[in-house]
There are 2 protein chains.
Amino acid sequence: MNTPDLTPDAVVADTLALRRIEPAYQQIASQLRALILEGRLPAGSRLPTEDKLCATFGVSRTTVREALRMLSADNLVITTRGATGGTFVTTPDVLAVQQRLQTSLRLLNGSNEISHDELYEARVLLEIPAVRAATRRRTPEGVARLRALAADVEAARTTPDRTTRSEDFHQAIFDIAGNRVIALIAPPIWAALSLSWRERGSAHSWASIDHEHDQIMEHIERGDEDGAARAMLKHLQELRDIRRPEQS
Amino acid sequence: MNTPDLTPDAVVADTLALRRIEPAYQQIASQLRALILEGRLPAGSRLPTEDKLCATFGVSRTTVREALRMLSADNLVITTRGATGGTFVTTPDVLAVQQRLQTSLRLLNGSNEISHDELYEARVLLEIPAVRAATRRRTPEGVARLRALAADVEAARTTPDRTTRSEDFHQAIFDIAGNRVIALIAPPIWAALSLSWRERGSAHSWASIDHEHDQIMEHIERGDEDGAARAMLKHLQELRDIRRPEQS
DNA sequence: CTGTATTTGTCCGTATGTATA
DNA sequence: ATATACATACGGACAAATACA
């Protein structure tokens, strides 16, 4: 009656929509994960003890623990030891999300699924609109903060320190721009980018970078959106050229 | 001699830079993770069997397995059963990265660390530069693909189907824009956004959406970057207004 | 300060399921 | 069909950390 040209096995699998069986620990992890994502287990709430989870799921303690380890790797729960210990639903953490995204981008870059040039272009594509938004939404406090950070960059003497301070300066622009989604996504892209860049800072290039920072700040302060965008683009190109000198 | 106003405990902890002890399974996961990220365990390579890992780390099987579960939750390894089974380093997977980013954004949105408006603005901030890049880098094949997808949207009759097709249309623009970093990041943002949007498609709004798609396509085809950007902005605003009608 | 209870961390031994040769 | 190699799962036990009386 039912597609007689298929093998009996295939018919059964197809008509009943059978799925490959999943290990117990994965099923448990999936169920708990769903509860957390649906908000039925709110952040900070405590899961049952491992023994109770064993009872409810009808599995051994090893199985439950493996499921909990998966959730903790997802940054969905943390477990603490001791009398008042247990497994608790974590509050979402921006930093953890950024670190995870960074390693993912790094791996995708390593396997040539995304290229160096795309990372750089993505940075430009994020940072130009961001500096425009920052110009529109600037506040006296924000501008003052930028000035202080630019001074920190100039004061830094070693290359690693300079790099860190410079990233703070750029991050501050994202903060002033006021979009936390963009502010969250941009740093992992920079980080993945700079992992394959060789640092080549010289006293000469540092001076020109300081000058570019100043120009960006001035345009932001004056409310000159186009000028700020132009200055930022020039700055990013300069940063790229410093770190990847032409190799003839 | 050494900061005598601190408690002895604090002095010891400070001078020796002591760290909180980590469970064995976390240490093992960290070590293996580092090996994978450094590329010393290339994608596809096979880890030692659980028994051998027990021997090298000097721990029991339980501990090794919990560490492996953490790595598998990170999408760094997969394990298969059977004689030729074992634990293998995975090749980086774009889809897995996107899904993870989506759930992260969803959680951050739920805990008010990022707002609805920021998600929408982020979409605009990514999509306007993308449609500009797509216009510059358009190819006849790409434009033909856009036409086909726009026709698919018009042909779709149910609201969910329409939504899916429309996302395909937008995704195609990202593909033509040629930046896989942006193309990777945008969909999770949409998805997190649409989770809190109520679908409210009506026949009337569908017609205007189809018209906007056509206009975007025409500007891309003519190479009119500014026009394409304007049309896209108008379209995104329309999409927002449909789904979030003013609630007076 | 000293148990004591609670809970996770870790180990061992054993049995089962699964895929390959 | 049988053997082999591997992950999966169980149950029991003890150690270690933490809070609290």
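Just so we're clear, the structure is a prediction, and the values are computed from it rather than from any experiment. Per chain, numbering begins at 1; letters A, B, ... match sequence-line order.
- Using a cutoff of 4.0 Å between basic side-chain nitrogens and carboxylate oxygens, A:E121 and B:R137 are scored as salt-bridged.
- Each of B:I21 and B:P48 was assigned the nucleotide of DNA chain D with the nearest heavy atom; the assignment lying further toward the 5' end belongs to B:P48.
- Within residues 81-89 of chain B, the residues having any heavy atom closer than 4.0 Å to DNA chain D are, in order of number, B:R81, B:G82, B:A83, B:G86.
- Residue pairs that meet the side chain to side chain donor-acceptor pair (under 3.5 Å) test with at least one member in residues 77-91 of chain B, sequence neighbours left out, do not exist here.
- A distance-only check finds no donor-acceptor pair linking the side chain of B:S166 to the backbone of B:T163 [under 3.5 Å].
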Which donor-acceptor pairs under 3.5 Å do the side chains of residues 34-44 of chain B make with protein atoms, sequence neighbours left out?
none

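- By the salt bridge (charged side-chain N to carboxylate O under 4.0 Å, His left out) test, B:D152 is found to be paired with no residue, residues two or more places apart in sequence or in another chain being considered.
- When DNA chain D is scanned 5' to 3' for any atom under 4.0 Å from a heavy atom of chain A, the first and last hits are D:dT8 to D:dA19.
- Salt-bridge annotation for A:D74 and B:R100: present, with a side-chain N of the basic residue lying under 4.0 Å from a carboxylate O of the acidic one.
- Residues of residues 58-78 of chain B that place a heavy atom closer than 4.0 Å to DNA chain D, in numerical order, are B:R61, B:R65, B:R69.
- B:R106 pairs by the salt bridge (charged side-chain N to carboxylate O under 4.0 Å, His left out) definition with nothing, not counting sequence neighbours.
- Partners of B:F57 by ring-ring contact (aromatic ring centres under 6.0 Å, His included), not counting sequence neighbours: none found.
- Think of the region where chain B sits on DNA chain C: with heavy atoms and a 4.0 Å cut, that region ends 5' and 3' at C:dG9 to C:dT20.
- The structure places CG of A:D93 at 11.5 Å from CG of B:L107, a figure rounded to the nearest 0.5 Å.
- A:L47 is listed as a side-chain neighbour of A:L68, based on a closest heavy-atom distance under 4.5 Å.
- Using cut-offs of 30° and 60° for the angle between ring planes, the A:H170 and A:W190 rings count as perpendicular.
- In terms of heavy atoms, B:A183 sits closest to B:P187 at O-CD, 3.0 Å.
- Here A:R162 pairs with A:D210 under the salt bridge (charged side-chain N to carboxylate O under 4.0 Å, His left out) rule; sequence neighbours left out.
- Remark: nothing in residues 26-36 of chain B comes within less than 4.0 Å of DNA chain D through any heavy atom.
- Closest non-hydrogen pair, B:I28 versus B:A67, comes out as CG2-CB, 3.6 Å.
- Sorted by first then second residue, the side chain to side chain donor-acceptor pair (under 3.5 Å) pairs that include residues 41-58 of chain A, not counting sequence neighbours, are A:E50-A:R61, A:E50-A:R65.
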